[in-house]
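Okay, structure first, notes after.
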Amino acid sequence: MKLRMHTLAVLIKKDFRLMFTNKNMLIMILLPIGFAVLYQTIFGDVKEAGMPRNFVLTLCELLNLSAIPLTGLAMMVAEEKKKKKKTPWRVLMLSDVSALEYIFSKIISVLVLMELITIVIFFITATQLSYLPMFLLVTTVTSISMLLFGAVVGLLSKDQMSTSTLSTPLMILFLIPPMFQNMNEVIDKIASIVPTTKMMAIINDAMNGMSILSQEHLLDFGIILAWILLGVVTFAMMYRKKGFDN
């Protein structure tokens, strides 16, 4: 692997600027923030509305973790592949920028963007500030597998339009089971192995005074790490098979 920090830093700055000029990315950025504002405005006190504690926070974070890495990152990678024969690509190739540096700069850029959205959501929902470090830790670890799968979708897609076909099943897998796990036995079984479900369980218990290092939650972290490993293996296989030039 050819990864140089100074080259990554330049690419990350470029990618971060491009994210805020892409209309599709702007919609995905505003979606979880917009929902957070909407829920807080409509329902106000979630307890009075009959909702579980931290409902708005975890729901909006699910949207953040499901939409942006799986669709947003995939679109960025796919679009870069489409542009590879144009002048900017040729200039960067002559500058000895590797395909992996291209991909990882986008992964890091999207991760930073997700962290910023997570912080905004946290403060919109008026959650106790002392929970922020734990919340960032758990959500960041969980997001890594989804970022890797988002990169895989980008490698498999020909352009931005085709990313939605491949990313939608993954979005449904990571978003729906955690939201409806107690409504159906089949969904409940699927939810038991989905990383976003484990993320929600850890966060909810932590915000109710329980330790995230309990035996139960160590198993939850184990499932999250298993998805990260699966994402690493899948990305490595697809990169070796498809590369960045197909």
Side-chain angles (χ1 to χ4, degrees), residues 19 22-36 38-39 55-81 103 106-107 109-118 120-121 138-184 186-203 220 223-224 226-235 238 242:
M19 284 191 295
N22 185 304
K23 292 181 180 179
N24 293 323
M25 280 297 295
L26 283 174
I27 291 172
M28 280 178 281
I29 291 169
L30 294 174
L31 186 64
I33 296 174
F35 266 99
L38 180 65
Y39 272 103
F55 172 81
V56 176
L57 177 65
T58 53
L59 174 63
C60 294
E61 187 61 20
L62 274 176
L63 289 172
N64 183 22
L65 265 64
S66 299
I68 295 179
L70 293 173
T71 301
L73 175 60
M75 286 193 305
M76 291 173 66
V77 174
E79 187 65 12
E80 207 67 71
K81 286 172 58 183
I103 295 172
K106 286 165 177 50
I107 290 176
S109 300
V110 173
L111 177 60
V112 172
L113 175 65
M114 291 169 64
E115 296 290 305
L116 293 174
I117 293 172
T118 295
V120 171
I121 292 170
V138 177
T139 56
T140 300
V141 172
T142 308
S143 69
I144 294 173
S145 62
M146 278 163 275
L147 285 164
L148 291 166
F149 281 109
V152 170
V153 171
L155 290 175
L156 294 174
S157 303
K158 293 182 180 180
D159 51 38
Q160 283 195 34
M161 294 297 293
S162 62
T163 58
S164 59
T165 303
L166 295 173
S167 64
T168 299
L170 287 171
M171 285 182 61
I172 292 173
L173 175 65
F174 291 129
L175 181 61
I176 301 301
M179 294 175 63
F180 302 101
Q181 59 181 312
N182 297 318
M183 298 181 65
N184 180 282
V186 174
I187 295 178
D188 192 53
K189 288 182 179 179
I190 296 172
S192 67
I193 59 170
V194 173
T196 43
T197 307
K198 302 306 179 183
M199 175 198 77
M200 288 181 65
I202 295 169
I203 289 171
D220 291 339
I223 291 174
I224 293 172
W227 275 92
I228 294 174
L229 179 60
L230 179 61
V232 170
V233 172
T234 305
F235 174 79
M238 289 300 103
K242 291 284 185 179

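Worth saying up front: this structure is predicted, and the values here are computed from it rather than measured.
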Is there a side chain to side chain contact (heavy atoms under 4.5 Å, CB included) between I103 and L155 once you walk through the steps? CA-CA 9 Å; I103 295 172; L155 290 175; 3.8 Å; yes

Show me the donor-acceptor pairs, under 3.5 Å and distance only, between side chains in residues 191-200 and residues at least two apart or in other chains.
unit_1	atom_1	unit_2	atom_2	d
S192	OG	K189	O	2.5
T196	OG1	F174	O	2.6
T197	OG1	A191	O	3.0
K198	NZ	S192	O	3.1

dist S145:OG -> L65:CG (nearest 0.5 Å) comes out at 8.5 Å

For the CD1 atom of I117 and the CG atom of N64, what is their distance to the nearest 0.5 Å? 4.5 Å

Can you name the nearest heavy-atom pair linking L166 to S157, along with the distance? CD1-OG, 3.5 Å

Could you state the interatomic distance from OG (S143) to CD (E115), rounded to the nearest 0.5 Å? 6.0 Å

Answer yes or no: is there a side-chain heavy-atom contact under 4.5 Å between V110 and I68? yes

One pair to check against side chain to side chain contact (heavy atoms under 4.5 Å, CB included): I203 and E61. What are the steps and the verdict? CA-CA 11 Å; I203 289 171; E61 187 61 20; 5.6 Å; no

Would you give the length of the straight line joining atom CD of Q181 to atom CG of D188, rounded to the nearest 0.5 angstrom? 6.0 Å

Go through it in stages, so that I can follow the logic: the residues are L148 and T234, the test is side chain to side chain contact (heavy atoms under 4.5 Å, CB included), and I'd like the CA-CA distance, side-chain angles, deciding distance and then a yes or no. CA-CA 8 Å; L148 291 166; T234 305; over 6 Å; no

Using side-chain heavy atoms (C-beta onward) and a distance below 4.5 Å, is M114 in contact with M146? no

Any side-chain heavy atom of L73 sitting closer than 4.5 Å to one from L111? no

Selection residues 171-181 - residue pairs positive for salt bridge (charged side-chain N to carboxylate O under 4.0 Å, His left out), sequence neighbours left out: none

Rounded to the nearest 0.5 angstrom, the OG1-CG distance for T118 and L113 is 9.0 Å

Exercise: identify the closest heavy-atom pair between P177 and I190: CG-CG2, 3.8 Å

Results of side chain to side chain contact (heavy atoms under 4.5 Å, CB included) for T165 - residues two or more places apart only: none

Does any part of the side chain of L230, heavy atoms only, come nearer than 4.5 Å to the side chain of F149, both counted from C-beta? yes

Quick one: NZ on K106 to CE on M19, what's the gap to the nearest 0.5 Å? 9.5 Å

Where P178 and L173 come nearest, the two heavy atoms and their spacing: CD-O, 4.4 Å

Tightest non-hydrogen contact, residues V153 and A74, listed as CG1-CB, 3.6 Å

For L63, enumerate each residue passing the side chain to side chain contact (heavy atoms under 4.5 Å, CB included) test, keeping only those at least two apart in sequence or located in another chain. P32, F35, L175

Decide yes or no for L116 and I29: does some side-chain heavy atom of the first lie under 4.5 Å from some side-chain heavy atom of the second? no

Partners passing side chain to side chain contact (heavy atoms under 4.5 Å, CB included) against L229 (at least two apart in sequence or in another chain): V233

Excluding sequence neighbours, so at least two apart, what forms side-chain hydrogen bond (donor to acceptor under 3.5 Å, both in side chains) with N24? Q160

Apply side chain to side chain contact (heavy atoms under 4.5 Å, CB included) to T142 and I202, showing your working. CA-CA 11 Å; T142 308; I202 295 169; over 6 Å; no

